Amino acid sequence: MGEEYGVSFDSHLILKLIEEKQAITPGQLAKEIGGGAPKTSRKINTLYRKGLITKEFGTPDD
């Protein structure tokens with residue numbers, strides 16, 4: 001998957017978690033993959049720019 005979509009291992013884990021949980025906050029993702037919030041945020045933004053994920057803003061749990 002990494003070569004085909006150009007994603008790192010951590011990004012692949014994020015995609016897998018999003019698929020499993022459907023809705024998850026960046027903070028929850030950071031805890032799940034064991035990375036810090038800034039690193040996770042960068043990975044999320046990269047996935048978003050590639051069109052692999054969408055973001056929801058202003059949700060009660062955000």
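All figures in this text were calculated on a predicted structure; none of them were measured in a lab.
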Could you pull out all donor-acceptor pairs under 3.5 Å where a side-chain atom in residues 14-24 meets a protein atom, sequence neighbours excluded?
from: Q22; atom 1: NE2; to: E19; atom 2: O; distance (Å): 2.7

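- Residues that satisfy the side chain to side chain contact (heavy atoms under 4.5 Å, CB included) test with S41, not counting sequence neighbours, are N45.
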Output side-chain donor-acceptor pairs under 3.5 Å for residues 30-40, partner residues at least two apart or in another chain, one line each.
from: K39; atom 1: NZ; to: D10; atom 2: OD2; distance (Å): 3.0
from: T40; atom 1: OG1; to: G36; atom 2: O; distance (Å): 3.0

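- Applying the side-chain contact (heavy atoms from CB on, under 4.5 Å) test between S11 and each of I44, L47, T46 identifies L47 as the sole match.
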